[in-house]
Amino acid sequence: MEMNQYLDMFIEESKEHIQAINDHLLVLENDPENVNLINEIFRSAHTLKGMAATMGFEDMAALTHEMENVLDQARNHKLVINTDIMDVIFKCVDVLETMLYSIAGGGDGKEDVSHIVAALKAILKGELPVSIRQEGASQFESASEAEAAATATAETVADTKPYQLDEYEFTVIEQSIQSGYHAYWVKTSVKDDCVLKAARAYMVYDNLESFGEIIKTTPSVEELEEEKFEKSFEIVLISKETEDKIEKAVMNVSEIEAVEVQEIQPNAQRPSAMQQEEKQAATSATPTKQAETKGAKGEKTAAQAPVAKKNTTSKTIRVDIERLDVLMNLFSELVIDRGRLEQLARESGQSALMETVEHMSRISGDLQNIILTMRMVPVEQVFNRFPRMVRDLAKDLNKKINLEIVGADTELDRTVIDEIGDPLVHLLRNSLDHGVESAEERRAAGKPEEGLVQLKAYHSGNHVFIEVRDDGKGINRDKVLKKALERGIITEQAASSLSDKQIYELLFASGLSTADQISDVSGRGVGLDVVKTKIESLGGSCSVDSNPGAGTTFLIQLPLTLSIISAMLVQVEDEKFAVPLSSIIETAVFSPDDIMHAHQQDVIDFRGRIVPLVSLKTIFNIPDSIEHKDSDISVVIVRKGDKMAGLVVDSFIGQQEIVLKSLGKYLTNVFAISGATILGDGQVALIIDCNALIK
């Protein structure tokens with residue numbers, strides 16, 4: 001069978017399983033006795049093994065097989081999970097991730113896994129410093145005895161039958177038989193080379209359900225849908241059909257190797273409540289879908305008795321991001337044409353045409369919201385890689401650090417999500433290395449040994465804010481100022497008038513580092529300027545504040561989306577410009593008498609603050625036109641963080657949604673211009689980069 005058609009699905013699902021293993025391992029490290037967590041990790045590893053083997057990636061399958069062996073020992077209480085074992089399993093995850101990236105990049109996924117496989121085998125042999133439960137086996141003797149007793153009881157209860165039924169299921173079966181129905185246990189085995197086992201299980205389930213009512217599946221319906229079974233699965237069916245007809249219906253499904261049908265006799269001995277409790281306590285298997293069947297009341301007849309049903313089919317689909325990009329580009333063109341149509345309709349004065357265009361505008365506005373929403377994804381996709389990174393760095397730095405993630409469900413445009421990962425990595429590494437102190441320093445300062453690093457995301461208006469905060473020693477103001485003076489970043493005269501926050505902001509200056517020695521973890525200033533540049537290229541801003549002895553907070557402000565933005569159109573002479581609304585505080589008109597002069601620059605008093613004026617005509621060397629102009633001065637007040645400036649324009653045209661277009665590869669790094677847009681009348685308006693105009 002051609003496997004390439006399944007490759008994208010394999011890559012996406014493998015990423016999810018690897019991330020799940022990572023997440024569960026981080027929790028398991030603090031709760032090594034949690035069998036449920038080990039079971040979850042085991043299942044993910046087992047599914048990965050099956051998928052990799054099916055796709056022909058042998059190294060991945062071999063590694064996950066050995067991981068399974070270790071995890072199986074742990075979940076059966078034959079092995080205690082300790083730090084050394086955790087390190088080995090984490091290393092396995094890293095190698096699996098490397099192989100998956102190789103596959104995603106068109107490689108063969110081959111990797112030398114012999115060293116890590118040898119380490120896993122050594123764990124099983126007890127050659128690594130692990131605690132095999134020998135001397136401590138007595139703790140689990142009672143549990144093992146209870147499990148053995150429960151197993152024996154279950155076998156007795158079932159009268160050596162292969163099926164296991166609870167009190168409620170026996171009641172349903174007995175009532176069904178009394179009403180003239182048959183109860184069947186159906187075991188189906190798929191072929192070894194079956195690729196889509198879940199699809200085959202669904203087809204068998206669907207065929208049998210047409211004959212009657214299914215009251216139980218082993219494993220559960222959810223696990224069947226997620227392909228969490230090896231070669232066979234079991235179904236308990238209530239039907240009036242014969243065994244032969246049921247067997248034939250199952251064998252009609254392709255890639256089925258064998259089917260075994262056995263009728264459940266009415267005289268089967270039901271388990272007592274005590275036996276059920278013992279069985280439940282002694283086993284840690286994944287719960288089946290019995291909860292659904294237990295919701296019924298006893299007064300219902302067998303024909304009416306509610307039974308286990310399949311979950312509603314998932315209503316989500318995976319779509320290649322490139323398709324969404326194409327859709328967005330096509331819609332962007334529609335937005336431009338919409339603006340043109342609106343202008344033509346206004347000029348024509350025809351009411352019928354204007355009504356039609358207004359209706360089309362409302363529809364396209366709704367469509368625009370849907371398309372933008374389709375592109376929104378939770379920042380969790382970026383955040384979920386950080387707990388593992390923080391865990392490893394904390395060990396390298398010999399620090400105790402707790403990473404707290406808040407607001408991981410906050411959504412951002414996919415294009416922004418793809419770009420913010422690296423800046424956040426640097427800020428987190430910076431907090432771990434420079435922010436949080438060692439356990440000894442924290443004790444001496446009267447703090448808890450474990451430092452806190454918080455990663456927080458939240459919406460506010462048309463922006464998303466991301467905070468990276470630590471409770472460390474804070475930023476040394478004097479050290480930053482001294483380095484800035486040494487590097488010539490500021491003058492002595494300017495330094496005297498700077499606030500503490502302005503001094504902290506100097507950390508974003510290129511080449512400024514306060515580190516006594518540069519480490520491979522981070523270096524303040526070695527990269528913070530890159531962080532700021534990257535965030536600003538996304539239309540956002542980055543700031544820092546600190547409280548000496550109490551910690552540091554980096555704040556990133558990002559736009560919700562980059563493709564279609566709301567802007568204020570302004571005119572300067574014969575040219576039109578677009579100023580993003582996200583940067584605008586207010587528009588105002590001042591008389592010439594309101595203009596003051598300070599520090600060799602025109603300024604205005606805006607709500608008690610002195611705001612410098614920036615003339616767009618001067619910045620962009622726009623020639624004079626002959627038209628008469630008003631004496632009043634139109635100003636757009638814009639901001640960058642806590643700084644403001646007033647853009648001097650000739651007039652305000654109005655607010656409009658515009659499509660952000662790149663200037664292309666021949667017009668790169670144009671000062672104070674972030675792109676262009678096409679207006680309704682076909683003219684091109686340049687989009688102002690307010691961040692570049694505010695010093």
Side-chain angles (χ1 to χ4, degrees), residues 461 463 489-491 493-499 501-502 505-506 508-509 532 536 539-543 557 559 565-656 658 669-677 685-695:
H463 292 86
I489 294 170
I490 56 169
T491 62
Q493 184 181 359
S496 60
S497 62
L498 292 179
S499 66
K501 192 171 190 310
Q502 288 173 322
E505 297 281 347
L506 294 174
F508 292 111
K532 192 176 183 69
E536 289 179 352
S541 61
C542 189
S543 61
Q557 176 182 325
I565 61 173
S566 295
M568 168 69 73
L569 294 180
V570 298
Q571 183 145 355
V572 181
E573 300 295 348
D574 294 331
E575 302 293 335
K576 293 178 181 176
F577 295 92
V579 184
L581 279 187
S582 58
S583 298
I584 297 176
I585 298 175
E586 194 173 314
T587 57
V589 177
F590 294 88
S591 71
D593 296 336
D594 294 327
I595 309 301
M596 299 176 284
H597 198 73
H599 299 292
Q600 303 177 342
Q601 185 174 11
D602 288 340
V603 297
I604 53 172
D605 183 348
F606 176 71
R607 304 188 189 284
R609 287 187 60 175
I610 300 301
V611 176
L613 293 179
V614 178
S615 169
L616 294 186
K617 179 179 176 179
T618 305
I619 292 290
F620 298 119
N621 296 317
I622 301 172
D624 290 331
S625 65
I626 338 171
E627 293 181 16
H628 171 71
K629 297 178 192 171
D630 295 333
S631 58
D632 287 340
I633 298 168
S634 301
V635 178
V636 182
I637 309 294
V638 295
R639 67 179 170 197
K640 171 188 177 184
D642 60 345
K643 298 178 183 177
M644 293 192 296
L647 306 185
V648 179
V649 300
D650 290 343
S651 61
F652 310 122
I653 299 173
Q655 180 181 335
Q656 185 175 318
I658 61 171
N669 300 323
V670 178
F671 175 71
I673 298 296
S674 59
T677 188
L686 297 175
I687 301 169
I688 303 294
D689 179 6
C690 298
N691 289 328
L693 294 175
I694 302 175
K695 301 299 182 185

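Because only heavy atoms are used, hydrogens play no part in the values below, and waters and symmetry mates are left out as well, while side chains stay in. Nothing fancy with the numbering, it's 1 onward along the sequence. On a predicted model such as this, the values are computed, not experimentally measured, just so you know.
- The structure places CD1 of Ile622 at 10.0 Å from CD of Gln571, a figure rounded to the nearest 0.5 Å.
- Scored by the salt bridge (Lys or Arg N to Asp or Glu O under 4.0 Å) test, Glu575 finds no partners at all (sequence neighbours excluded).
- When all heavy atoms are compared, the tightest approach of Ala692 to Ala672 is CB-CA, 3.8 Å.
- For Ser499, the side chain to side chain donor-acceptor pair (under 3.5 Å) partners are Gln502, not counting sequence neighbours.
- Across all their heavy atoms, Phe652 and Ser634 have their closest contact at CZ-CB, 3.6 Å.
- For the atom pair CE (Met568) and CD1 (Ile653), the distance works out to 10.0 Å, reported to the nearest 0.5 Å.
- Atom-to-atom distance recorded for Ser651:OG and Leu569:CG is 10.5 Å, nearest 0.5 angstrom.
- Atom CD in Glu536 sits 8.5 Å away from atom SG in Cys542 (nearest 0.5 Å).
- Applying the side chain to side chain contact (heavy atoms under 4.5 Å, CB included) criterion to Ile585, with sequence neighbours excluded, gives Phe606, Ile637, Arg639, Met644.
- Residues Pro612 and Ile604 are not in side-chain contact: their nearest non-hydrogen atoms beyond the backbone lie 4.5 Å or more apart.
- Partners of Ser496 according to the side chain to side chain donor-acceptor pair (under 3.5 Å) rule, which considers only residues two or more places apart in sequence or in another chain, do not exist here.
- The two residues Ala645 and Ile694 have their closest heavy-atom pair at CB-CG1, 3.8 Å.
- Separation of atoms CE (Met596) and CG (Asp602) is listed at 10.0 Å; rounding is to 0.5 Å.
- Considering only residues two or more places apart in sequence or on other chains, Glu586 meets the side chain to side chain donor-acceptor pair (under 3.5 Å) condition with Arg607.
- Listed by chain and number, the residues in a side chain to side chain contact (heavy atoms under 4.5 Å, CB included) with Ala567 are Ala578, Ile658 (sequence neighbours excluded).
- Partner of Ile619 under the side chain to side chain contact (heavy atoms under 4.5 Å, CB included) criterion, chosen from Leu647, Ile688, Val648, Val614: Val614.
- Each of Val635, Val572, Val579, Ile633 was compared with Val649 under the side chain to side chain contact (heavy atoms under 4.5 Å, CB included) criterion, and only Val572 meets it.
- Here Phe620 pairs with Phe577 under the ring-ring contact (aromatic ring centres under 6.0 Å, His included) rule; sequence neighbours left out.
- Between Gln655 and the options Thr587, Leu581, Ile584, a side chain to side chain contact (heavy atoms under 4.5 Å, CB included) holds for only Leu581.
- Between the OG1 atom of Thr677 and the CD1 atom of Ile687 there is a distance of 5.5 Å, given to the nearest 0.5 Å.
- For Ala495, the side chain to side chain contact (heavy atoms under 4.5 Å, CB included) partners at least two apart in sequence or on another chain are Leu481, Leu485, Ile490.
- A search for side chain to side chain contact (heavy atoms under 4.5 Å, CB included) contacts involving Ala588 returns Phe590, not counting sequence neighbours.
- For Ser591, the side chain to side chain donor-acceptor pair (under 3.5 Å) criterion is met by Asp594, not counting sequence neighbours.
- Under the 3.5 Å distance criterion, the side-chain polar atoms of Asp650 are matched with a main-chain donor or acceptor of Glu573.
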